[in-house]
Novice: 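This structure is in structure tokens; I'll ask about it shortly.
One-based numbering, in listed order, for ligands and for the atoms of each. Sequential numbering from 1 along the given sequence is applied to the chain's residues.
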Amino acid sequence: MKRTYWKHCHVATMRDGRYNAIEDAVIVTRGKQIEWVGPRGERSASGADECVDLQGAWVTPGLIDCHTHLVFGGNRSLEFEQRLQGVSYAEISAAGGGIKHTVRHTRDATEDALYESARKRLVSLMRDGVTTVEIKSGYGLDLNSERKMLRVARRLGETLPVTVKTTCLAAHTVPSEFAGKADEYVNYVCSEILPTLAQEHLVDAVDAFCETIAFSPAQVMRVLLRAQKLKLPVKLHAEQLSPLGGSSMAAELGALSADHLEYMTPEDAAAMGRAGTVAVLLPGAFHMLQETRRPPVDLLRHHGVDIAVASDLNPGTSPALSLRLMLNMACTLFGLTPEEALAGVTRNAAKALGMLDTHGTIEAGKAADFVAWDIERPAELAYWLGGELPSRTVRNGEWRDLSTR
Ligand code: NIG
Ligand code: FE
């Protein structure tokens, strides 16, 4: 196995969710894994097959976007204009728009067309240093269309140099053919969609949308319990628009994460802290919906809840093509420090995907996924607003080339 000696760099290891920086560092990779990281003086290049000069770059773990809906048909720029005129997300949803609009376009699209449009969005995230991404279904809402979305997600992971984790979000909203029959739709999700797609190995985790405009806590509970019977980890969209206690429920079930959380209560935060459930904050959706109620970051800190940050890339509430921009927004809109924000797209995002053993920090034994940034301080990652920040990405121990994608 090839051993590479990466030198002349500073490393923000993100161990324990802090920079835990090593200046004038060396990283040694062996095949697809990190073998050693530490100060240059402690390890010579002898025994290495290749020596790479990183020219003073700051190295961080490869970024992890742990919450996206990046496979979808059409887009919702028209609704964006309506919202700017004062129509609310809930009103648009009640009138058959919102998620249902995207469901129509996703059902109509071929698998190849969905793949092509999603690939472009994913490449945009990857140019920003993303090496692992979670992709949800949830715009199909019937067996074949959910399968189509998850197959596209799997194919993205097979054809692009990025690790993809799939999540079945069949309980995203009640499709029009089940209008007024949410419980029947939940039955269908539990008896058909989840077991079939799990058996086809298309599902790495299960999510649901717990909200007045989607599913009640009792309905969500049925979906998550069914997932657990299938031995799949669970997570939940919770407390985005109203406090329903979904995040407490998710925590009690041992969920990997509860996401959004603007309306969470102190009891919810305490339950998540006890369970080790990660809080995934989504500043893109908060910004697009012009929300004013911020997730209670102080409460999360108080209860020792690990905080992740993600793009929520979706056509309605967060058409966000840059995860770094989300770092900035997590700081400016939610009050995270740049260090917390970076932990949110590395160590804590890995935890939110159940991958902390292998990803998310630069430590011996983890995957050799990292980014060498041409910056002077790590806080610059949360400072620049979008654009292309000069960087080079290593995945599985090799430079990743996206120039032809
Ligand atoms: O995470 N909250 C539910 N799902 C998405 C929105 C999806 C949509 O509007 O298409 C979210 O914000
Ligand atoms: Fe979402």
Novice: Where on H69 is there a heavy atom closer than 4.0 Å to ligand 1, on the side chain, on the backbone, on both, or on neither?
Specialist: side chain
Novice: For Y89, counting its heavy atoms only, list the atoms of ligand 1 lying under 4.0 Å from any of them.
Specialist: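 Those qualifying, in numeric order: 6 (C), 7 (C), 8 (C), 9 (O).
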Novice: Could you list which atoms of ligand 1 come closer than 4.0 Å to a heavy atom of I99?
Specialist: 7 (C), 8 (C), 9 (O), 10 (O)
Novice: Which atom name does H69 have for its N/O/S atom nearest to the Fe ion (ligand 2)?
Specialist: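 Considering only N, O and S atoms, H69 comes nearest to the Fe ion (ligand 2) through NE2.
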Novice: Nearest 10° is fine: what angle sits at the Fe ion (ligand 2) between NE2 from H67 and NE2 from H237?
Specialist: 90°
Novice: Nearest protein heavy atom to atom 12 (O) of ligand 1, by residue and atom, and its distance?
Specialist: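 Ranked first by proximity to atom 12 (O) of ligand 1 is T317 OG1, 2.7 Å.
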Novice: Do K235 and E134 sit within salt-bridge range, that is, some charged N less than 4.0 Å from a carboxylate O?
Specialist: yes
Novice: Starting from atom 7 (C) of ligand 1, locate the nearest protein heavy atom and write down its residue, its atom name and how far away it is, to 0.1 Å.
Specialist: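 Closest protein heavy atom to atom 7 (C) of ligand 1: Y139 OH, 3.3 Å.
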Novice: Do T13 and Y19 meet the criterion of a side-chain donor-acceptor pair at a distance under 3.5 Å?
Specialist: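 No.
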Novice: With respect to the Fe ion (ligand 2), please indicate if H260 possesses an N, O or S atom at a distance under 2.8 Å.
Specialist: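 Given the 2.8 Å cut-off, H260 does not count as a ligand of the Fe ion (ligand 2).
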Novice: With the threshold set at under 4.0 angstrom, would you say T102 reaches ligand 1 through any of its heavy atoms?
Specialist: no
Novice: Answer yes or no: is there a donor N or O on one side and an acceptor on the other, between the side chain of T4 and the main chain of T29, under 3.5 Å?
Specialist: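 Between the backbone of T29 and the side chain of T4 there is no qualifying donor-acceptor contact (under 3.5 Å).
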Novice: Could you check whether R121 makes a cation-pi contact with F72, meaning its NZ or CZ is under 6.0 Å from the centre of the six-membered ring and within 45° of the ring axis?
Specialist: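 Judged by the rule (NZ or CZ under 6.0 Å from the ring centre, within 45° of its axis), R121 counts as positioned above F72.
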Novice: Closer than 4.0 Å to some heavy atom of H67 - which atoms of ligand 1 meet that?
Specialist: 1 (O)
Novice: Looking at ligand 1, would H172 count as a contact under a 4.0 Å heavy-atom criterion?
Specialist: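 The answer is yes: ligand 1 sits under 4.0 Å from a heavy atom of H172.
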Novice: Flag the pair R294 and E262 as a salt bridge only when some basic side-chain nitrogen lies within less than 4.0 angstrom of an acidic carboxylate oxygen.
Specialist: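 Salt bridge absent between R294 and E262.
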Novice: Which residue and non-hydrogen atom of the protein lie closest to atom 2 (N) of ligand 1, and at what distance in Å?
Specialist: Q240 OE1, 3.0 Å
Novice: Measuring from non-hydrogen atoms of F72 to any atom of ligand 1, is the shortest distance under 4.0 Å?
Specialist: no
Novice: Number the atoms of ligand 1 from 1 as they appear, then name those within less than 4.0 Å of a heavy atom of N314, with their elements.
Specialist: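 Atoms satisfying the 4.0 Å criterion: 5 (C), 6 (C), 7 (C), 8 (C), 9 (O), 10 (O), 11 (C), 12 (O).
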Novice: Less than 6.0 angstrom from the centroid, inside 45 degrees of the normal: does R324 satisfy that with respect to the ring of W384?
Specialist: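 Ring-cation test returns no.
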Novice: Report the relative orientation of the aromatic rings in Y188 and F178; use parallel for angles under 30°, tilted for 30 to 60°, perpendicular for over 60°.
Specialist: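 Ring orientation, 0 to 90° scale: parallel.
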Novice: Who gets closest to atom 11 (C) of ligand 1 by heavy atom: D312, L282, V103?
Specialist: D312
Novice: To make sure I understand the geometry: which N, O or S atom in D312 is closest to the Fe ion (ligand 2)?
Specialist: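 Nearest N/O/S atom of D312: OD1.
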Novice: Parallel under 30°, tilted from 30 to 60°, perpendicular over 60°: which one fits the rings of F286 and F334?
Specialist: perpendicular
Novice: Within the distance-only criterion (no hydrogens, no angle test), does the side chain of E111 pair as donor or acceptor with the backbone N or O of R151 below 3.5 angstrom?
Specialist: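 A pair under 3.5 Å: no.
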Novice: Answer yes or no: is there an ion pair linking D24 with K7, defined by an N-O contact shorter than 4.0 Å?
Specialist: no
